[in-house]
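Here is the structure we will look at, set down as C-alpha cells.
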Amino acid sequence: MDGGITFIYSCTGEQQQEVFNLVQDDKIATTICSAYDCSVSAASCVLRYLAQEQQALSETVGQTAKAEVSLSLDVAYVLFSAYLVFGPMQLGFALLCAGAIRSKNSMNVLMKNILDACTGALGFYLFGYAFAYGHKLNRTSNGFIGNWNFALSYTTRVSADPEAAEFDSFPTQGWHSWLFQWSLCAIATTIVSGAVAERCTFGAYLAYSFFISAFVYPVAAHWVWSPDGWLSAMNTSRSGYALILRTGAIDFAGAGVVHLTGGMAALMGAWIIGPRIGRFDASGKVNEMKGHSATLVVMGTFLMWFGYYGFAPGANLTIATASAAVVVSRVAVTTTLSAASAGLATLFWRYLKSSTWDTVLVCNGCLGGLVAITAGCAVVEPWAAVLCGIGAALVFIGSDYLVLHKFKIDDPVSAVSLHLSCGLWGLIFPGLLAKPEYVRDVYGKYGFGGNVKAAGKYGIFYGGHGQVLLCQAIEAVVICAWVGVMMGAFFYVFKAVKRLRVPVDQELAGLDATKQGVEPYDAAAGGSVAPQQQLQSQPSRAAFGPGAVTTSAFYSNGGPDDTGGYASNS
C-alpha cells in the first residue's frame with residue numbers, strides 16, 4: 001500500500017511459508033502476501049501488517065470510547081435537567097400557590113401539589129409515556145397517539161443489557177427519557193392546582209391529575225414532539241419533510257405542549273368550578289382577596305426561574321457535541337433575558353399607572369417571560385428574547401384584567417394569564433422572529449431541510465414566507481380545542497354529580513381545618529397557629545359556576561375582618 005493506492009502482491013511458496021511460520025494462520029498469511037511486498041523479508045511484512053491492524057484497532061477503540069462518553073454525558077445531562085425541572089420548579093409552584101392564596105387553605109394546596117407528582121407519575125408510567133412517544137419496534141405509530149411501551153415494558157428491555165442489539169434504542173427510549181418527559185408532564189399537571197384552589201374537592205383533583213397525565217397531555221406531546229406526530233417537525237415521512245406545510249411546529253421547550261395545555265385546563269377548571277365565595281359582590285364588582293404571603297411568592301418565583309434552566313436548555317436532550325453545546329448555552333441566555341425584561345416591563349407599567357411598585361406583579365411578569373420564551377428560545381436572538389419578554393408582560397397584564405374583571409373567572413394564582421395567554425404569545429413568537437441560521441442549526445436535520453433560508457422557513461420579520469407562523473397558529477388552535485373539550489367535559493361531569501366543589505361551610509372555614517384537620521395559622525402573627533373559631537351561620541346557597549357571583553359582600557374576605565374572621569389576609 002503506497003500513497004493510498006493498494007497493490008496486489010503475490011508471494012512465492014517459500015515466502016508464504018515463512019509468513020505462515022510467523023503468524024500460524026493461513027488466512028492471515030494470504031492477506032499479508034496480497035497486501036505487502038514480502039520479497040525483502042517475511043518479518044517486515046508481518047510487522048507492517050501488525051502496525052496497520054494496531055492503528056485500526058486504536059481507531060475503533062477510540063470511536064467506541066467517544067460514543068460511550070457521549071452517551072454517558074447526554075444521559076447525565078438529561079437526568080440533571082429532569083432533576084432541575086422536578087425539584088426547583090415543583091417546589092416553586094408549591095410555594096407560589098401557597099403564598100398567593102389565603103392562609104386558611106395553604107396546607108391543602110401544598111398537599112395537592114405533592115399529590116400532583118405522585119398521581120401524575122403513576123398515570124404517566126402506566127399510559128402517558130406510551131401515548132406520547134410509544135411505537136412498536138421498527139414501526140411507526142399513528143400521528144394522533146402512541147401505541148407501545150405501556151408501563152415502560154419496552155424501556156425495560158432496551159435498558160437491560162448494553163451488549164444487546166436492542167440497546168441501540170436506549171439513547172431515546174431509556175430510563176432517563178421517561179424521567180425527563182415525566183418532569184415536563186408534572187409541570188403541565190400542577191398548573192391547575194392554583195386556579196381551582198380554595199374550593200376544589202380532593203377526589204376531583206386526584207382524578208384530574210391522573211387524567212391529564214395519562215391521556216390529555218400525552219396526546220398533545222405526541223402531536224408536536226414525537227417523530228410520528230402529525231404536527232412534529234421531526235416527522236419527515238412526507239418525502240423527507242414534515243407533514244404540515246412541509247415544516248412542522250417550532251415548540252422547542254413546550255410553550256404549547258406544556259403551558260398551553262396546563263393553562264387551558266386551568267381555564268376550564270376555574271370557569272366551571274366558579275369563583276370563591278365573596279370574590280364578587282352582588283353587582284359583579286371584584287372584591288380583593290390578597291394572598292397571605294408575598295415572601296412565599298417571591299421564593300417560589302426564584303425557584304421556578306432556577307428550574308427553567310433545566311426545563312428549556314434540557315429540551316435539547318443532548319450536549320455532547322459542539323453544536324449541541326452552542327444551542328444549549330444560547331437557550332439559557334434567551335431564557336434569562338426574556339424573564340428579566342418581562343419583570344422590568346411589569347415594574348415600570350405599574351409605576352407609570354399608579355406611582356407604586358408591586359412585588360407580586362413583578363414576579364408574575366418574570367414567570368410570564370419564562371413561559372413565553374419556551375417555544376422559540378433556541379431560534380431567536382438575544383435582543384428578540386427581550387422583545388418576547390416585554391410582549392409577555394403586556395399580554396399578562398391585559399389577560400389578567402380580562403379574565404377577572406370582564407369574564408368573571410376567579411383564578412387565585414393567575415394561572416390562566418400566565419400559562420394560557422403568555423403561552424399563546426410565546427408560541428406565535430417564532431413565526432415572527434425565528435432567525436434562519438438558528439432554525440437550520442436546531443431543526444435542519446428534520447423537516448426544515450438544510451437550506452432553510454432559501455425555503456423561507458423562518459420568522460416573517462426576517463423575510464420568511466409564513467409557513468412557520470401558520471404552523472404555530474395551527475398548534476395553538478388544536479391544543480386549545482383538544483384540552484378545552486377534554487378537560488371541560490371532565491370538570492363538567494364532576495360538577496354535575498356534585499363532586500367538584502366543597503360545601504359552603506367548609507370553604508368558608510378553610511380547607512386546612514375541615515379537610516386537613518389542622519389549625520389555620522395567622523400569617524400576621526408570624527405564622528403562629530390561630531385559635532379555632534366558632535363557625536357562624538352561613539347562607540344555605542351560594543352562586544357557583546361559570547360567571548357566577550355571590551349575593552353578599554359579607555364574604556369579600558372569607559368572613560368578618562376582626563371579630564372571629566375565617567380568613568387571614570395581609
Side-chain angles (χ1 to χ4, degrees), residues 85 124 128-135 140-147 172 177 180-189 191 212-213 215-238 241-265 311-312 314-317 331 371-379 419-420 422-431 434 439 442-443 445-448 457 467-487:
V85 175
F124 199 66
Y129 188 62
F131 287 150
Y133 302 103
H135 58 86
T140 59
S141 64
N142 61 77
F144 179 78
I145 192 169
N147 56 6
T172 57
S177 177
F180 182 75
Q181 298 301 337
W182 164 70
S183 69
L184 300 182
C185 176
I187 294 301
T189 302
I191 288 171
I212 195 171
S213 301
F215 183 62
V216 179
Y217 168 85
V219 170
H222 181 82
W223 293 350
V224 181
W225 284 342
S226 169
D228 301 323
W230 67 275
L231 262 172
S232 176
M234 295 175 284
N235 183 348
T236 57
S237 58
R238 185 180 176 183
Y241 289 92
L243 295 178
I244 300 299
L245 300 178
R246 296 170 63 89
T247 300
I250 294 178
D251 194 0
F252 186 80
V257 175
V258 177
H259 295 290
L260 209 59
T261 297
M264 194 67 192
F311 187 98
N316 199 55
L317 301 180
V331 169
V371 168
I373 197 61
T374 48
C377 52
V379 297
H419 300 280
L420 176 59
C422 292
L424 280 169
W425 162 246
L427 197 57
I428 296 300
F429 195 75
V439 174
V442 178
Y443 292 100
K445 61 183 178 180
Y446 299 119
F448 288 81
K457 296 178 179 180
Q467 297 104 312
V468 174
L469 182 61
L470 185 54
C471 281
Q472 303 305 99
I474 291 172
E475 181 186 348
V477 170
V478 297
I479 288 181
C480 286
W482 166 252
V483 179
V485 171
M486 290 294 103
M487 297 314 305

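Residues: numbered from 1 along the sequence shown.
For Ser177, the side chain to side chain donor-acceptor pair (under 3.5 Å) partners are Tyr129, not counting sequence neighbours. Legend: residues meeting side-chain contact (heavy atoms from CB on, under 4.5 Å) with His259, ordered by chain and number and at least two apart, are Ile191, Tyr308, Phe311, Val371, Thr374, His419. Residues satisfying the side-chain contact (heavy atoms from CB on, under 4.5 Å) criterion with Leu243, sequence neighbours excluded, are Trp230, Asn235, Ser237, Arg238. Partners of Ser183 according to the side-chain contact (heavy atoms from CB on, under 4.5 Å) rule, which considers only residues two or more places apart in sequence or in another chain, are Ala82, Val85, Phe86, Phe180. For Cys185, the side-chain contact (heavy atoms from CB on, under 4.5 Å) partners at least two apart in sequence or on another chain are Phe124, Thr189, Ser213, Tyr217.
Classified by interplanar angle (parallel below 30°, tilted 30° to 60°, perpendicular above 60°), the ring pair Trp223/Phe144 is tilted.
The distance from atom NZ of Lys457 to atom OH of Tyr443, rounded to the nearest 0.5 Å, is 14.0 Å. Taken from CD1 in Ile373 to CH2 in Trp425, the straight-line distance is 10.0 Å, to the nearest 0.5 Å. Here the CG atom belonging to Asn142 is positioned 8.5 Å from the CG atom belonging to Asp228, to the nearest 0.5 angstrom. Atom OG of Ser232 is separated from atom CG of Asp251 by 10.5 Å, given to the nearest 0.5 angstrom. Put simply, OG1 on Thr261 and CH2 on Trp482 are 10.5 Å apart, with the number rounded to the nearest 0.5 Å. For the atom pair Met487 CE and Met264 CE, the distance stands at 11.0 Å (nearest 0.5 Å).
A pairwise comparison of heavy atoms in Ala249 and Ala233 identifies O-CB, 4.0 Å as the closest pair. The two atoms that bring Phe448 and Gly248 nearest to each other are CZ-O, 3.9 Å, heavy atoms only. Contact detail for Pro430 and Gly376: the closest heavy-atom pair is CG-CA, 3.7 Å. Heavy atoms only, all atoms of each residue included: Pro218 and Gly128 are closest at CB-O, 3.2 Å. When every heavy atom of Gly426 is checked against every heavy atom of Ala375, the shortest pair comes out as O-CB, 3.4 Å. The heavy-atom pair separating His222 from Tyr133 by the smallest distance is ND1-N, 4.4 Å.
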Using residues 470-479 as the side-chain source, report each donor-acceptor pair under 3.5 Å to any protein atom, sequence neighbours left out, with the distance given to one decimal.
{"from": "Gln472", "atom 1": "OE1", "to": "Ile250", "atom 2": "N", "distance (Å)": "2.7"}
{"from": "Gln472", "atom 1": "NE2", "to": "Ile250", "atom 2": "O", "distance (Å)": "2.7"}
{"from": "Gln472", "atom 1": "NE2", "to": "Leu427", "atom 2": "O", "distance (Å)": "2.8"}

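Looking at heavy atoms from C-beta onward, Cys480 lies in side-chain contact with Leu420 at the 4.5 angstrom threshold.
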